[in-house]
Q: 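Below you'll find the structure I mean.
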Amino acid sequence: MCQDCKKPYYITTAIAYASGKPHIGNTYEIVLADSIARYKRARGYDVFFQTGTDEHGQKIEEKAEAAGVTPQEFVDRSAGEIRRIWDLMNTSYDKFIRTTDREHEAQVQKIFKKLYDQGDIYKGAYEGLYCTPCESFWTPSQLVDGKCPDCGREVQPAKEEAYFFRMSKYAPRLIEYINEHPEFIQPVARKNEMMNNFLLPGLQDLCVSRTTFSWGIPVTFDPKHVTYVWLDALTNYITGIGYDCDGNSTDQFKKYWPGDLHLIGKDIIRFHTIYWPIFLMALDLPLPKQVFGHPWLLQGDGKMSKSKGNVLYADTLVDFFGVDAVRYFVLHEMPFENDGVISWELMVERMNSDLANILGNLVNRTISMTNKYFGGIVADKGVCGPEDEDLKAVVLEAVKKADAKMEQLRVADAITEIFNIFRRSNKYIDETAPWVLAKDEAQKGRLSTVLYNLTEAIAIGASLLESFMPETSARILEQLKTEKRSLDQLNTFGLYPSGHQVTDKPEILFARMDVKEVLEKAEALQAAEAAKEDKTSDENEEGEDGIDLEPKAEITYDDFAKLQFQVGEIIKCEAVPKSKKLLCSQVKIGTRTRQIISGIKAHYSPEEMVGKKVMVVTNLKPAKLAGLLSEGMILCAEDAEGNLALMTPEKKMPAGAEIC
């Protein structure tokens, strides 16, 4: 098909915030988008796939200062690391945009001025509660337990002069648009959330500039202001393909806008389905056709975060399992609407059952039997059995079902349909028993047909698999000595009736793994990473001023010996209802579990507490706090600003170990 005749398809991911290395949950999004982009290309679309990095803001400025480098040097390093991970995962993006690109910055300045000139932006002052990691202002009623509703971290009072965007001016128009375009926000639950929680109660005007930091795009007519993150970051979707605010947009922009799909995490759907559409309306531009807020990929103990010590990185997993296996894990384990879970045990299980057994063993057996019985060449001899029609029906039906699932962005379900081809093929081997047919010379025609049917089914499945596991797809087709089939060709079983020739020596696609060995290696790796972070933390803390305390009365050794200190492992933690300070922890000490109430809610979330080894005073007389029994005390250190840090053992220690 000629390039100019293809239907354009523009897909984007959210641009990754350049504050550090992306974990596997972040990486899931780029792999998901890549699978959709590859599938659309296979269907004949002219695809443009854009990703990139969001590089401005107060958090970046602070991190750069802490690292002793300029913000530009910091984001250059971070963007390079993010791009390295995206490339490692074999993602086929067409453009990697950075919000520090000169072309982007120039257009953002022009957009800001245009919106100001037409009265959509006005100057005022902002006073509210500010979350630095999320770069968001909140009102007291929006906080959850006094913390940021998005990330759960502390917020600080902030007041500054700022420019605001008149969101309420466009809200009725957006509500009407969403009602008339039910496909615009997916899944539907996300649409209901945006309508009921934000649009229908009434929108507040949006702060679109800042003056308390300088790392941002300056407002041309008021240089002490820099453009606030969302007006900067969201516009990448149009600046990256050549939008010009003065009416001189490129042919590429005219070709690909409006975009077909914004693929984003569910945590930023508000910005993409409320702020972004309203910005576009103000610019008199059409809205993107669809915004899909995908769920999160979680570790077994919750959302990944460095503070919880449960972060998995793509390059680490690739070292263990390989690129395509990791792609399979993250795509297959993520439901359409609900959060998915990833763990070392689950990955080993999928490697052994799905990849090594169902797929790898199928390919290996089929190629080996083709070489053993026919010298590597099989043809359809037309000697059919009762199992053949069901095999063909399952394969062709799976092609249709996978295509339908991809149209609905149900990628995990599409992969399941493809693996149904491989599952049915394995069953077909058991049904036809080629090794038995090979013993009877009169069954040679039947044996050839059976092996031909198997190679056909595998070729179809491998061709479909290319969008999700491109390297594996290519390796299978190379062993079958056939090219990838187009989606039109996949609707035909028996495309090459004259025969198939296979490689003379099958390649092991996936090796089985021992879960115990993997867990031991993973634990050693995580311990090394933790030690590295501790060393870095210690180096950063060198030279800090000490804290002098008012001395208490001296005690004797006998007085001190009366106290019993032990290592405790927090196995469960909950916030104490109606308390702003207290957490209720279930702490394992030896073989017993104790309940301990601690006033550390402002410094640790319940999720952060679970799994930590802590120092506990275990022979305090039980007491009631907020009506709950507390059977001990968890010890913390406190700095001059009142920040608390749990006292934890430097090395691995069992729950109950005595601290002496």
Side-chain angles (χ1 to χ4, degrees), residues 11-17 19 22-36 51-52 54 131 133-136 138 142-144 147-153 174 178 181-201 203 229-230 233-234 236-237 259-278 287-305 308 310-312 314 329-342 405-406 408-413 605 607:
I11 179 174
T12 68
T13 67
I15 49 177
Y17 197 50
S19 59
H23 58 61
I24 191 62
N26 308 134
T27 308
Y28 161 72
E29 184 174 299
I30 189 73
V31 176
L32 178 65
D34 179 66
S35 68
I36 297 169
T51 187
D54 174 9
C131 175
C134 293
E135 301 201 31
S136 295
W138 303 100
Q142 291 174 315
L143 301 181
V144 176
K147 296 183 180 181
C148 172
D150 279 352
C151 71
R153 295 181 176 92
L174 179 58
I178 293 173
H181 297 82
E183 75 289 347
F184 176 56
I185 305 175
Q186 291 295 318
V188 173
R190 311 270 189 264
K191 181 193 78 170
N192 296 336
E193 178 187 351
M194 293 303 104
M195 291 287 280
N196 296 331
N197 295 351
F198 297 99
L199 282 167
L200 295 179
L203 287 180
V229 57
W230 293 111
L234 290 166
N236 91 89
Y237 302 127
D260 293 271
L261 178 63
H262 288 331
L263 191 67
I264 59 167
K266 64 179 182 179
D267 52 327
I268 55 174
I269 196 162
R270 171 164 55 98
F271 309 108
H272 284 77
T273 59
I274 297 178
Y275 300 169
W276 179 225
I278 286 179
L287 274 55
K289 298 172 187 175
Q290 191 168 82
V291 179
F292 181 82
H294 64 74
W296 287 332
L297 186 64
L298 306 177
Q299 260 274 40
D301 55 353
K303 188 179 179 183
M304 293 182 205
S305 68
K308 293 175 68 174
N310 67 347
V311 176
L312 292 175
F329 298 144
V330 298
L331 292 173
H332 182 267
E333 298 307 315
M334 183 65 84
F336 180 66
E337 294 188 57
N338 301 319
D339 294 332
V341 175
I342 188 169
K405 298 298 184 185
M406 288 303 292
Q408 301 168 350
L409 303 182
R410 294 182 176 271
V411 175
D413 294 338
S605 68
E607 292 78 16

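Here, residue 1 is the first one in the sequence, and each next residue gets the next number. Quantities reported herein were computed from a predicted structural model and do not represent experimental measurements.
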Q: For residues Ile278 and Leu203, report the shortest heavy-atom separation together with the two atoms involved.
A: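 Looking at all heavy atoms of both residues, the closest pair is CD1-CD1, 3.7 Å.
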Q: Measure the spacing between NE2 of His181 and CD of Gln290 and express it to the nearest 0.5 Å.
A: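 Interatomic distance, His181 NE2 to Gln290 CD, rounded to 0.5 Å: 12.0 Å.
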Q: If the condition is salt bridge (charged side-chain N to carboxylate O under 4.0 Å, His left out), which residues does Glu29 pass it with, not counting sequence neighbours?
A: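 Partners of Glu29 by the salt bridge (charged side-chain N to carboxylate O under 4.0 Å, His left out) criterion come out as none, since no residue qualifies.
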Q: Going by heavy atoms in the side chains, are Met334 and Tyr28 under 4.5 Å from each other?
A: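 With C-beta onward as the side chain, the pair touches.
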Q: Quick one: CZ on Phe336 to NE2 on His294, what's the gap to the nearest 0.5 Å?
A: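 Reported to 0.5 Å precision, the distance equals 12.5 Å.
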Q: Any chance you could lay out the side-chain contact (heavy atoms from CB on, under 4.5 Å) test for Thr51 and Thr12, step after step, and finish with the verdict?
A: CA-CA 6 Å; Thr51 187; Thr12 68; over 6 Å; no
Q: Answer yes or no: is there a side-chain heavy-atom contact under 4.5 Å between Leu263 and Leu32?
A: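 They are in contact (side-chain heavy atoms under 4.5 Å apart), so the answer is yes.
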Q: Quick check: closest heavy atoms across Trp296 and Asp339, and the distance to 0.1 Å?
A: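 Nearest heavy atoms, Trp296 then Asp339: N-OD1, 2.8 Å.
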Q: Backbone N or O of Pro335 within a donor-acceptor pair of the Asn338 side chain at under 3.5 Å?
A: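 No: the side chain of Asn338 does not pair with the backbone of Pro335.
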Q: Return the minimal non-hydrogen interatomic distance between Lys289 and Asp260, and the atom names on each side.
A: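 For Lys289 and Asp260, the tightest heavy-atom pair comes out as NZ-OD1, 3.0 Å.
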Q: Side chains of Gln186 and Leu409, heavy atoms from C-beta outward: is any pair under 4.5 Å?
A: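 Side-chain contact under 4.5 Å: no.
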Q: Who are the salt bridge (charged side-chain N to carboxylate O under 4.0 Å, His left out) partners of Asp34, not counting sequence neighbours?
A: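 Residues passing salt bridge (charged side-chain N to carboxylate O under 4.0 Å, His left out) with Asp34: Arg38, Arg327.
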Q: Working to the nearest 0.5 angstrom, can you tell me the gap between Arg410 CZ and Met406 CE?
A: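 So the CZ of Arg410 and the CE of Met406 are separated by 12.5 Å.
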Q: Can you tell if the side chain of Tyr237 reaches within under 4.5 Å of the side chain of His272, non-hydrogen atoms only?
A: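 In short, these two side chains touch, coming nearer than 4.5 Å.
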Q: Decide side-chain contact (heavy atoms from CB on, under 4.5 Å) for Thr27 and Val330; before the verdict, give the C-alpha distance in whole Å, the side-chain angles of both, and the deciding distance to 0.1 Å.
A: CA-CA 9 Å; Thr27 308; Val330 298; over 6 Å; no
Q: Please give me the minimum heavy-atom distance between Phe292 and Leu261, naming the atom from each residue.
A: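 Here Phe292 and Leu261 meet closest at CB-CD1, 3.9 Å.
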Q: At their closest point, which heavy atom of His23 faces which heavy atom of Leu312, and how far apart are they?
A: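 His23 and Leu312 have their closest heavy atoms at CB-O, 3.3 Å.
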Q: Measuring from Glu193:CD to Lys266:NZ, what's the distance to the nearest 0.5 Å?
A: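 Answer for the CD-NZ pair, Glu193 versus Lys266, is 9.0 Å.
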Q: Which heavy-atom pair separates Leu143 from Trp138 by the least distance, and what is that distance?
A: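 Nearest pair, atom of Leu143 first, then Trp138: CD2-CB, 3.8 Å.
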Q: Counting C-beta onward and ignoring hydrogens, is there a side-chain heavy-atom pair between Ile178 and Met195 closer than 4.5 Å?
A: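 When only atoms from C-beta onward are counted, Met195 and Ile178 do touch, with a gap below 4.5 Å.
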Q: Measuring from Ile185:CD1 to His262:NE2, what's the distance to the nearest 0.5 Å?
A: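 Separation between the atoms: 12.0 Å.
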Q: Would a line drawn from the ring center of Tyr275 to the ring center of Trp230 be shorter than 6.0 Å?
A: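 When the ring centroids of Tyr275 and Trp230 are compared, they turn out to be at least 6.0 Å apart.
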Q: Looking at CG of Leu298 and CD1 of Ile24, how far apart are the two atoms once the value is rounded to the nearest 0.5 Å?
A: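 Going from the CG atom of Leu298 to the CD1 atom of Ile24 covers 13.0 Å.
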Q: So if I apply the side chain to side chain contact (heavy atoms under 4.5 Å, CB included) rule between Phe271 and each of Ile268, Ile274, Asp267, which one comes out positive?
A: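 Between Phe271 and the candidates, side chain to side chain contact (heavy atoms under 4.5 Å, CB included) is satisfied uniquely by Ile268.
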Q: Tell me every residue that passes salt bridge (charged side-chain N to carboxylate O under 4.0 Å, His left out) with Arg190, counting only those two or more places apart in sequence or in another chain.
A: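 Once residues adjacent in sequence are excluded, Arg190 has no partner under the salt bridge (charged side-chain N to carboxylate O under 4.0 Å, His left out) criterion.
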